[in-house]
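Presented below is the structure to which this report refers.
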Protein chains: 2
Amino acid sequence: MIETGARRRAIDEVASELFHANGYAATSVRDIARALDIQGASLYAHVASKEDVLWSIVDRAATAFEASAERAIIETPDADPTERLAALVEAHIETITANPQHSSVFVTEWRHLSGARRTTIAARRDAYEARFRSTIETGVSVGAFHAMDPAIASTFLLTALNGISTWYRPDGRLSPDRIADHYIELALHSLSEDHR
Amino acid sequence: MIETGARRRAIDEVASELFHANGYAATSVRDIARALDIQGASLYAHVASKEDVLWSIVDRAATAFEASAERAIIETPDADPTERLAALVEAHIETITANPQHSSVFVTEWRHLSGARRTTIAARRDAYEARFRSTIETGVSVGAFHAMDPAIASTFLLTALNGISTWYRPDGRLSPDRIADHYIELALHSLSEDHR
DNA sequence: CCTACCGATCGGTAGG
DNA sequence: CCTACCGATCGGTAGG
(Lines give C-alpha, C1' and ligand atoms only; values in the text may rest on other atoms or scores of the structure.)
Protein backbone atom coordinates (compact mmCIF):
# COMPACT_ATOMS: atom_id res chain seq x y z
CA MET A 1 0.00 0.00 0.00
CA ILE A 2 1.45 3.29 -1.12
CA GLU A 3 0.54 6.17 1.11
CA THR A 4 -0.91 9.04 -0.87
CA GLY A 5 -1.72 11.62 1.82
CA ALA A 6 -0.84 15.30 1.64
CA ARG A 7 2.22 14.78 3.82
CA ARG A 8 3.47 12.01 1.60
CA ARG A 9 3.17 14.25 -1.44
CA ALA A 10 4.95 17.06 0.41
CA ILE A 11 7.84 14.69 1.06
CA ASP A 12 8.18 14.02 -2.67
CA GLU A 13 8.07 17.73 -3.41
CA VAL A 14 10.84 18.80 -1.03
CA ALA A 15 12.86 15.68 -1.80
CA SER A 16 12.72 16.30 -5.54
CA GLU A 17 13.93 19.86 -4.97
CA LEU A 18 16.85 18.64 -2.87
CA PHE A 19 17.70 15.75 -5.20
CA HIS A 20 17.53 18.15 -8.13
CA ALA A 21 19.77 20.72 -6.43
CA ASN A 22 22.33 18.43 -4.77
CA GLY A 23 21.76 14.90 -6.02
CA TYR A 24 20.23 11.87 -4.30
CA ALA A 25 23.41 10.59 -2.67
CA ALA A 26 24.35 14.01 -1.27
CA THR A 27 20.91 14.52 0.25
CA SER A 28 20.30 12.97 3.66
CA VAL A 29 17.00 11.83 5.12
CA ARG A 30 17.49 14.54 7.72
CA ASP A 31 17.87 17.20 5.00
CA ILE A 32 14.43 16.23 3.72
CA ALA A 33 12.95 16.20 7.23
CA ARG A 34 14.44 19.60 8.06
CA ALA A 35 12.76 21.13 5.01
CA LEU A 36 9.47 19.83 6.39
CA ASP A 37 10.21 20.98 9.95
CA ILE A 38 10.04 17.52 11.39
CA GLN A 39 12.58 15.13 12.90
CA GLY A 40 14.57 12.82 10.65
CA ALA A 41 13.13 9.71 12.22
CA SER A 42 9.59 11.04 11.78
CA LEU A 43 9.93 10.67 8.04
CA TYR A 44 9.71 6.93 8.55
CA ALA A 45 6.10 7.30 9.64
CA HIS A 46 5.43 7.99 5.96
CA VAL A 47 8.06 6.14 3.97
CA ALA A 48 9.83 2.83 4.41
CA SER A 49 13.19 3.98 3.04
CA LYS A 50 15.07 6.80 1.37
CA GLU A 51 15.07 4.85 -1.86
CA ASP A 52 11.27 4.63 -1.75
CA VAL A 53 11.17 8.43 -1.96
CA LEU A 54 13.44 8.39 -5.01
CA TRP A 55 11.36 5.63 -6.55
CA SER A 56 8.07 7.46 -6.15
CA ILE A 57 9.52 10.60 -7.77
CA VAL A 58 11.11 8.68 -10.65
CA ASP A 59 8.09 6.46 -11.22
CA ARG A 60 5.76 9.41 -11.28
CA ALA A 61 7.99 11.37 -13.67
CA ALA A 62 8.31 8.37 -15.96
CA THR A 63 4.52 8.05 -16.01
CA ALA A 64 4.20 11.75 -16.83
CA PHE A 65 6.55 11.41 -19.82
CA GLU A 66 4.77 8.30 -21.04
CA ALA A 67 1.30 9.82 -20.67
CA SER A 68 2.19 13.04 -22.47
CA ALA A 69 3.83 11.17 -25.37
CA GLU A 70 0.76 8.93 -25.56
CA ARG A 71 -1.48 11.97 -25.62
CA ALA A 72 0.61 13.63 -28.33
CA ILE A 73 0.29 10.55 -30.51
CA ILE A 74 -3.45 10.16 -29.96
CA GLU A 75 -4.03 13.83 -30.70
CA THR A 76 -2.18 13.63 -34.04
CA PRO A 77 -3.66 10.39 -35.45
CA ASP A 78 -2.70 10.81 -39.09
CA ALA A 79 0.40 12.93 -38.68
CA ASP A 80 3.32 12.48 -41.05
CA PRO A 81 6.73 11.74 -39.44
CA THR A 82 7.64 15.43 -39.30
CA GLU A 83 4.42 16.38 -37.51
CA ARG A 84 4.63 13.34 -35.25
CA LEU A 85 8.17 14.15 -34.20
CA ALA A 86 7.26 17.78 -33.57
CA ALA A 87 4.39 16.60 -31.37
CA LEU A 88 6.69 14.27 -29.41
CA VAL A 89 9.29 17.00 -28.90
CA GLU A 90 6.64 19.46 -27.78
CA ALA A 91 5.12 16.96 -25.35
CA HIS A 92 8.54 16.15 -23.92
CA ILE A 93 9.37 19.80 -23.31
CA GLU A 94 5.95 20.45 -21.78
CA THR A 95 6.50 17.63 -19.34
CA ILE A 96 9.94 18.89 -18.37
CA THR A 97 8.97 22.52 -17.91
CA ALA A 98 5.80 21.57 -16.00
CA ASN A 99 8.01 19.98 -13.36
CA PRO A 100 11.74 20.42 -13.92
CA GLN A 101 12.65 19.00 -10.49
CA HIS A 102 10.87 15.69 -10.99
CA SER A 103 12.12 15.52 -14.56
CA SER A 104 15.74 16.14 -13.72
CA VAL A 105 15.62 13.58 -10.91
CA PHE A 106 14.17 11.11 -13.40
CA VAL A 107 16.85 11.92 -15.95
CA THR A 108 19.91 12.01 -13.69
CA GLU A 109 19.22 10.12 -10.45
CA TRP A 110 17.47 6.92 -11.56
CA ARG A 111 20.79 5.06 -11.50
CA HIS A 112 20.67 5.18 -7.70
CA LEU A 113 17.67 2.85 -7.76
CA SER A 114 18.53 -0.76 -7.05
CA GLY A 115 17.47 -4.11 -8.41
CA ALA A 116 14.16 -4.51 -10.18
CA ARG A 117 13.28 -0.84 -9.96
CA ARG A 118 16.37 0.16 -11.87
CA THR A 119 15.77 -2.51 -14.47
CA THR A 120 12.15 -1.46 -14.88
CA ILE A 121 13.03 2.19 -15.37
CA ALA A 122 15.74 1.32 -17.88
CA ALA A 123 13.17 -0.65 -19.87
CA ARG A 124 10.62 2.15 -19.71
CA ARG A 125 13.24 4.64 -20.88
CA ASP A 126 14.08 2.36 -23.78
CA ALA A 127 10.43 2.03 -24.75
CA TYR A 128 10.03 5.79 -24.57
CA GLU A 129 13.08 6.40 -26.73
CA ALA A 130 11.80 3.78 -29.20
CA ARG A 131 8.88 6.07 -30.01
CA PHE A 132 11.29 8.75 -31.16
CA ARG A 133 13.49 6.25 -32.94
CA SER A 134 10.68 4.57 -34.88
CA THR A 135 9.25 7.93 -35.90
CA ILE A 136 12.68 8.84 -37.26
CA GLU A 137 12.96 5.48 -39.01
CA THR A 138 9.64 6.02 -40.72
CA GLY A 139 10.64 9.53 -41.70
CA VAL A 140 13.86 8.28 -43.26
CA SER A 141 12.08 5.51 -45.19
CA VAL A 142 9.48 7.87 -46.67
CA GLY A 143 12.12 10.44 -47.55
CA ALA A 144 10.99 13.12 -45.11
CA PHE A 145 14.27 12.88 -43.19
CA HIS A 146 17.75 12.55 -44.63
CA ALA A 147 19.60 9.24 -44.46
CA MET A 148 20.96 8.72 -40.97
CA ASP A 149 21.32 6.26 -38.14
CA PRO A 150 17.97 6.53 -36.32
CA ALA A 151 19.40 5.25 -33.04
CA ILE A 152 22.08 7.93 -33.03
CA ALA A 153 19.62 10.60 -34.10
CA SER A 154 17.13 9.78 -31.35
CA THR A 155 19.90 9.74 -28.75
CA PHE A 156 21.21 13.07 -30.03
CA LEU A 157 17.73 14.54 -29.80
CA LEU A 158 16.69 13.11 -26.44
CA THR A 159 19.90 14.09 -24.67
CA ALA A 160 19.46 17.64 -25.97
CA LEU A 161 15.84 17.65 -24.78
CA ASN A 162 16.64 16.16 -21.39
CA GLY A 163 19.30 18.80 -20.89
CA ILE A 164 16.47 21.30 -20.52
CA SER A 165 15.63 19.80 -17.13
CA THR A 166 19.04 20.79 -15.81
CA TRP A 167 19.13 24.42 -16.99
CA TYR A 168 15.46 25.46 -17.17
CA ARG A 169 14.33 28.08 -14.65
CA PRO A 170 10.68 29.22 -14.48
CA ASP A 171 11.86 32.82 -14.14
CA GLY A 172 14.32 32.52 -17.01
CA ARG A 173 14.54 34.50 -20.23
CA LEU A 174 12.38 32.16 -22.32
CA SER A 175 8.93 30.75 -21.61
CA PRO A 176 8.35 27.02 -22.05
CA ASP A 177 6.49 27.78 -25.29
CA ARG A 178 9.38 29.77 -26.73
CA ILE A 179 11.85 27.07 -25.74
CA ALA A 180 9.64 24.49 -27.42
CA ASP A 181 9.43 26.61 -30.57
CA HIS A 182 13.20 26.87 -30.81
CA TYR A 183 13.85 23.23 -30.00
CA ILE A 184 11.24 21.96 -32.45
CA GLU A 185 12.85 24.03 -35.18
CA LEU A 186 16.35 22.81 -34.33
CA ALA A 187 15.16 19.21 -34.07
CA LEU A 188 13.30 19.21 -37.37
CA HIS A 189 16.15 20.98 -39.15
CA SER A 190 18.62 18.42 -37.85
CA LEU A 191 16.61 15.59 -39.40
CA SER A 192 14.84 16.97 -42.43
CA GLU A 193 15.96 16.11 -45.94
CA ASP A 194 15.22 19.46 -47.46
CA HIS A 195 13.57 22.19 -45.43
CA ARG A 196 11.33 24.83 -47.02
CA MET B 1 52.43 21.93 -4.60
CA ILE B 2 50.41 19.40 -6.52
CA GLU B 3 51.77 15.90 -6.39
CA THR B 4 52.17 14.43 -9.87
CA GLY B 5 53.64 10.96 -9.22
CA ALA B 6 52.42 7.74 -10.77
CA ARG B 7 50.39 6.88 -7.68
CA ARG B 8 48.71 10.25 -7.72
CA ARG B 9 47.70 9.73 -11.34
CA ALA B 10 46.44 6.24 -10.55
CA ILE B 11 44.19 7.75 -7.88
CA ASP B 12 42.62 10.06 -10.45
CA GLU B 13 42.11 7.15 -12.84
CA VAL B 14 40.28 4.85 -10.44
CA ALA B 15 38.41 7.76 -8.87
CA SER B 16 37.16 8.99 -12.23
CA GLU B 17 35.91 5.49 -13.02
CA LEU B 18 34.04 5.29 -9.72
CA PHE B 19 32.70 8.86 -9.94
CA HIS B 20 31.60 8.13 -13.50
CA ALA B 21 29.87 4.88 -12.53
CA ASN B 22 28.29 5.88 -9.21
CA GLY B 23 28.71 9.62 -8.75
CA TYR B 24 31.02 11.61 -6.49
CA ALA B 25 28.76 11.68 -3.44
CA ALA B 26 28.06 7.93 -3.58
CA THR B 27 31.78 7.09 -3.81
CA SER B 28 33.69 6.90 -0.54
CA VAL B 29 37.37 7.51 0.00
CA ARG B 30 37.59 3.86 1.00
CA ASP B 31 36.04 2.79 -2.31
CA ILE B 32 38.86 4.54 -4.10
CA ALA B 33 41.47 3.06 -1.79
CA ARG B 34 40.07 -0.46 -2.19
CA ALA B 35 40.40 -0.21 -5.97
CA LEU B 36 44.08 0.59 -5.43
CA ASP B 37 44.54 -2.16 -2.81
CA ILE B 38 45.55 0.21 -0.09
CA GLN B 39 43.94 1.36 3.16
CA GLY B 40 41.51 4.27 3.14
CA ALA B 41 43.70 6.38 5.35
CA SER B 42 46.70 5.76 3.10
CA LEU B 43 45.08 7.82 0.39
CA TYR B 44 45.83 10.88 2.48
CA ALA B 45 49.54 10.36 1.91
CA HIS B 46 48.79 11.54 -1.65
CA VAL B 47 45.82 13.87 -1.44
CA ALA B 48 44.63 16.40 1.11
CA SER B 49 40.92 15.72 0.67
CA LYS B 50 38.31 13.86 -1.34
CA GLU B 51 37.34 17.10 -3.05
CA ASP B 52 40.95 17.57 -4.19
CA VAL B 53 40.60 14.36 -6.19
CA LEU B 54 37.42 15.62 -7.83
CA TRP B 55 39.08 18.94 -8.51
CA SER B 56 42.11 17.46 -10.22
CA ILE B 57 39.88 15.34 -12.49
CA VAL B 58 37.56 18.22 -13.34
CA ASP B 59 40.39 20.71 -13.84
CA ARG B 60 42.25 18.38 -16.12
CA ALA B 61 39.15 17.56 -18.16
CA ALA B 62 38.33 21.26 -18.50
CA THR B 63 41.86 21.89 -19.74
CA ALA B 64 41.53 19.07 -22.25
CA PHE B 65 38.32 20.55 -23.68
CA GLU B 66 39.84 24.02 -23.83
CA ALA B 67 43.04 22.83 -25.47
CA SER B 68 41.29 20.76 -28.13
CA ALA B 69 38.92 23.61 -29.02
CA GLU B 70 41.90 25.96 -29.21
CA ARG B 71 43.70 23.52 -31.48
CA ALA B 72 40.63 23.15 -33.70
CA ILE B 73 40.46 26.91 -34.13
CA ILE B 74 44.16 27.33 -34.83
CA GLU B 75 44.10 24.52 -37.36
CA THR B 76 41.20 26.09 -39.30
CA PRO B 77 42.37 29.72 -39.44
CA ASP B 78 40.16 30.98 -42.24
CA ALA B 79 37.23 28.65 -41.80
CA ASP B 80 33.72 29.89 -42.48
CA PRO B 81 31.18 29.47 -39.63
CA THR B 82 30.04 26.07 -40.92
CA GLU B 83 33.57 24.69 -41.06
CA ARG B 84 34.46 26.28 -37.74
CA LEU B 85 31.46 24.75 -36.02
CA ALA B 86 32.20 21.35 -37.53
CA ALA B 87 35.76 21.61 -36.21
CA LEU B 88 34.53 22.53 -32.73
CA VAL B 89 32.03 19.65 -32.67
CA GLU B 90 34.66 17.21 -33.86
CA ALA B 91 37.17 18.40 -31.26
CA HIS B 92 34.57 18.12 -28.51
CA ILE B 93 33.67 14.55 -29.44
CA GLU B 94 37.33 13.58 -29.72
CA THR B 95 37.95 14.86 -26.21
CA ILE B 96 34.98 12.98 -24.81
CA THR B 97 35.71 9.67 -26.49
CA ALA B 98 39.42 9.90 -25.63
CA ASN B 99 38.45 9.85 -21.96
CA PRO B 100 34.73 9.39 -21.28
CA GLN B 101 35.22 8.94 -17.53
CA HIS B 102 37.02 12.24 -17.01
CA SER B 103 34.61 13.96 -19.37
CA SER B 104 31.47 12.69 -17.69
CA VAL B 105 32.82 13.63 -14.27
CA PHE B 106 33.52 17.10 -15.64
CA VAL B 107 30.04 17.34 -17.13
CA THR B 108 27.98 15.92 -14.27
CA GLU B 109 29.95 16.13 -10.99
CA TRP B 110 31.47 19.61 -11.01
CA ARG B 111 28.59 20.93 -8.91
CA HIS B 112 30.04 19.04 -5.93
CA LEU B 113 33.02 21.38 -5.96
CA SER B 114 32.81 24.14 -3.40
CA GLY B 115 33.61 27.82 -3.29
CA ALA B 116 36.11 29.30 -5.71
CA ARG B 117 36.67 26.05 -7.58
CA ARG B 118 33.04 25.78 -8.48
CA THR B 119 32.92 29.42 -9.55
CA THR B 120 36.03 29.01 -11.65
CA ILE B 121 34.71 25.96 -13.46
CA ALA B 122 31.37 27.65 -14.11
CA ALA B 123 33.25 30.55 -15.70
CA ARG B 124 35.42 28.26 -17.80
CA ARG B 125 32.35 26.37 -18.98
CA ASP B 126 30.74 29.67 -19.95
CA ALA B 127 33.84 30.73 -21.88
CA TYR B 128 33.92 27.39 -23.65
CA GLU B 129 30.26 27.60 -24.60
CA ALA B 130 30.81 31.17 -25.81
CA ARG B 131 33.03 29.80 -28.60
CA PHE B 132 30.14 27.76 -29.92
CA ARG B 133 27.70 30.61 -29.40
CA SER B 134 29.78 33.25 -31.18
CA THR B 135 30.44 30.91 -34.09
CA ILE B 136 26.68 30.42 -34.39
CA GLU B 137 26.10 34.17 -34.13
CA THR B 138 28.54 34.81 -36.95
CA GLY B 139 26.93 32.11 -39.03
CA VAL B 140 23.51 33.64 -38.57
CA SER B 141 24.73 37.13 -39.44
CA VAL B 142 26.43 36.01 -42.69
CA GLY B 143 23.40 33.92 -43.65
CA ALA B 144 25.07 30.52 -43.36
CA PHE B 145 22.73 29.53 -40.52
CA HIS B 146 19.01 30.17 -40.31
CA ALA B 147 17.65 32.82 -37.98
CA MET B 148 17.67 31.52 -34.42
CA ASP B 149 18.56 32.30 -30.83
CA PRO B 150 22.31 31.54 -30.69
CA ALA B 151 22.24 30.98 -26.92
CA ILE B 152 19.51 28.37 -27.23
CA ALA B 153 21.17 26.75 -30.22
CA SER B 154 24.54 26.42 -28.48
CA THR B 155 22.88 24.99 -25.37
CA PHE B 156 20.91 22.54 -27.51
CA LEU B 157 24.08 21.45 -29.23
CA LEU B 158 26.37 21.23 -26.22
CA THR B 159 23.91 19.24 -24.11
CA ALA B 160 23.54 16.78 -27.00
CA LEU B 161 27.33 16.54 -27.33
CA ASN B 162 27.93 16.19 -23.59
CA GLY B 163 25.39 13.40 -23.49
CA ILE B 164 27.91 11.27 -25.37
CA SER B 165 30.03 11.09 -22.21
CA THR B 166 27.24 9.28 -20.41
CA TRP B 167 26.41 6.64 -23.03
CA TYR B 168 29.66 6.15 -24.96
CA ARG B 169 31.36 2.77 -24.55
CA PRO B 170 34.72 2.03 -26.24
CA ASP B 171 33.41 -1.41 -27.24
CA GLY B 172 30.12 -0.01 -28.54
CA ARG B 173 28.60 -0.27 -31.99
CA LEU B 174 30.09 2.94 -33.35
CA SER B 175 33.68 4.17 -33.36
CA PRO B 176 34.42 7.72 -32.18
CA ASP B 177 34.93 8.76 -35.80
CA ARG B 178 31.55 7.42 -36.88
CA ILE B 179 29.84 9.09 -33.93
CA ALA B 180 31.55 12.35 -34.85
CA ASP B 181 30.42 11.99 -38.49
CA HIS B 182 26.80 11.53 -37.45
CA TYR B 183 26.83 14.28 -34.85
CA ILE B 184 28.50 16.78 -37.17
CA GLU B 185 25.86 16.11 -39.79
CA LEU B 186 23.01 16.45 -37.28
CA ALA B 187 24.53 19.59 -35.79
CA LEU B 188 25.11 21.32 -39.12
CA HIS B 189 21.68 20.34 -40.41
CA SER B 190 20.06 21.75 -37.27
CA LEU B 191 21.64 25.14 -37.91
CA SER B 192 22.09 25.53 -41.63
CA GLU B 193 19.90 27.81 -43.67
CA ASP B 194 19.80 25.69 -46.76
CA HIS B 195 21.84 22.55 -47.01
CA ARG B 196 23.16 21.18 -50.31
C1' DC C 1 51.81 3.30 3.25
C1' DC C 2 50.17 1.11 7.89
C1' DT C 3 47.55 0.81 12.47
C1' DA C 4 44.72 2.96 15.48
C1' DC C 5 41.62 6.18 16.21
C1' DC C 6 38.51 10.63 16.04
C1' DG C 7 33.88 13.05 16.04
C1' DA C 8 30.15 13.46 12.96
C1' DT C 9 26.73 11.72 10.40
C1' DC C 10 24.41 8.13 7.92
C1' DG C 11 19.82 5.31 7.19
C1' DG C 12 16.85 3.22 10.04
C1' DT C 13 14.24 0.97 14.44
C1' DA C 14 11.72 0.72 19.04
C1' DG C 15 8.37 2.29 21.67
C1' DG C 16 5.44 5.51 22.74
C1' DC D 1 5.15 12.66 14.88
C1' DC D 2 8.53 12.53 19.03
C1' DT D 3 12.59 10.87 21.95
C1' DA D 4 16.09 7.82 22.38
C1' DC D 5 18.92 4.95 20.35
C1' DC D 6 21.36 1.43 16.98
C1' DG D 7 25.46 -0.25 14.20
C1' DA D 8 27.78 1.19 10.17
C1' DT D 9 30.20 4.25 7.75
C1' DC D 10 31.81 8.78 6.63
C1' DG D 11 36.10 12.01 5.74
C1' DG D 12 40.07 12.77 7.99
C1' DT D 13 44.26 12.91 11.66
C1' DA D 14 48.26 11.16 14.59
C1' DG D 15 52.18 8.85 14.79
C1' DG D 16 54.97 5.84 13.08
Side-chain angles (χ1 to χ4, degrees), chain A residues 1-59 105 109-118, chain B residues 1-59 105 109-118:
Chain A
M1 263 292 286
I2 295 175
E3 196 196 324
T4 54
R7 198 59 170 192
R8 182 65 190 80
R9 285 193 298 273
I11 290 171
D12 282 356
E13 285 316 300
V14 309
S16 65
E17 271 170 49
L18 292 165
F19 295 166
H20 171 62
N22 309 315
Y24 173 76
T27 302
S28 74
V29 166
R30 280 156 181 84
D31 290 333
I32 300 169
R34 193 178 308 119
L36 293 163
D37 265 308
I38 61 176
Q39 294 300 310
S42 303
L43 217 67
Y44 290 90
H46 301 97
V47 303
S49 71
K50 185 188 174 189
E51 196 192 311
D52 280 3
V53 178
L54 176 62
W55 168 249
S56 93
I57 296 166
V58 167
D59 181 40
V105 171
E109 305 298 323
W110 69 279
R111 62 175 171 168
H112 294 290
L113 293 169
S114 58
R117 286 170 167 177
R118 185 171 170 160
Chain B
M1 264 295 282
I2 295 174
E3 196 197 326
T4 53
R7 197 60 169 191
R8 182 65 189 80
R9 284 193 299 274
I11 291 171
D12 281 357
E13 284 316 299
V14 308
S16 66
E17 271 170 50
L18 291 166
F19 295 167
H20 171 61
N22 310 314
Y24 173 76
T27 303
S28 74
V29 166
R30 280 156 181 84
D31 290 334
I32 300 169
R34 193 177 310 119
L36 294 163
D37 265 308
I38 61 176
Q39 294 300 309
S42 303
L43 217 66
Y44 290 90
H46 304 282
V47 303
S49 71
K50 184 188 174 190
E51 196 192 310
D52 279 3
V53 178
L54 175 62
W55 169 248
S56 94
I57 296 166
V58 167
D59 181 40
V105 171
E109 305 298 322
W110 69 278
R111 62 175 171 169
H112 294 290
L113 293 169
S114 59
R117 286 169 166 177
R118 185 173 170 157

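Each chain gets a letter, A, B and so on, in the order the sequences are listed, and its residues count up from 1. The model shown is predicted, which means the values in this text are computed figures rather than measured ones. Because only heavy atoms are used, hydrogens play no part in the values below, and waters and symmetry mates are left out as well, while side chains stay in.
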**Request:** Could you pick out which residue, A:Arg7 or A:Ala41, lies toward the 5' side of DNA chain D when each is mapped onto its nearest nucleotide?
**Result:**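 Closer to the 5' end of DNA chain D: A:Arg7.
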Within this structure, what is the [atom1]-to-[atom2] distance between [X] and [N], rounded to whole angstrom?
X       : N      : atom1 : atom2 : answer
B:Leu36 : C:dC1  : CG    : C1'   : 12 Å
A:Asp52 : C:dG11 : CG    : P     : 14 Å
A:Ile32 : C:dG12 : CD1   : P     : 10 Å
B:Leu18 : D:dC10 : CG    : P     : 12 Å
A:Asp31 : C:dA8  : CG    : C1'   : 14 Å
A:Leu43 : C:dT13 : CG    : P     : 12 Å
A:Ile11 : C:dG12 : CD1   : C1'   : 15 Å
A:Arg34 : D:dC2  : CZ    : P     : 14 Å

**Request:** Of all the heavy-atom pairs spanning A:Ala15 and A:Ile32, show the shortest one and how long it is.
**Result:**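 Where A:Ala15 meets A:Ile32 most closely, the heavy atoms are CB-CD1, 4.0 Å.
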**Message:** Within this structure, what is the CG-CZ distance for the pair B:Asp12 and B:Arg8, rounded to the nearest 0.5 Å?
**Reply:**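 Interatomic distance, B:Asp12 CG to B:Arg8 CZ, rounded to 0.5 Å: 4.0 Å.
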**Message:** If I take atom OH from residue A:Tyr44 and atom CG from residue A:Asp52, how far apart are they, to the nearest 0.5 angstrom?
**Reply:**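 So the gap between those two atoms works out to 9.5 Å.
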**Request:** Output yes when a side-chain donor or acceptor of B:Tyr24 lies under 3.5 Å from a complementary backbone atom of B:Glu51, and no otherwise.
**Result:**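 Yes, B:Tyr24 side chain to B:Glu51 backbone: donor-acceptor pair under 3.5 Å.
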**Prompt:** With both distances under 3.5 Å as the test, what is the Watson-Crick or G-U wobble partner of D:dG16?
**Reply:**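 Base-paired to C:dC1.
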Of the options [options], whose atoms approach the side-chain atoms of [X] most closely?
X       : options               : answer
A:Arg30 : D:dC5, C:dC1, D:dG11  : D:dC5
A:Tyr44 : D:dG12, D:dC1, C:dG12 : C:dG12
A:Gln39 : C:dT3, C:dG11, D:dT3  : D:dT3
A:Ile38 : C:dG12, D:dT13, D:dC1 : D:dC1

**Prompt:** Given D:dT9, is OP1 or OP2 found less than 4.0 Å from the side-chain N or O atoms of B:Ser28?
**Reply:**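 For D:dT9, neither OP1 nor OP2 has a side-chain N or O of B:Ser28 closer than 4.0 Å.
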**Prompt:** Are A:Asp59 and A:Ser56 linked by a side-chain donor-acceptor pair shorter than 3.5 Å?
**Reply:**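 Looking only at side-chain atoms, A:Ser56 and A:Asp59 do not form any donor-acceptor pair under 3.5 Å.
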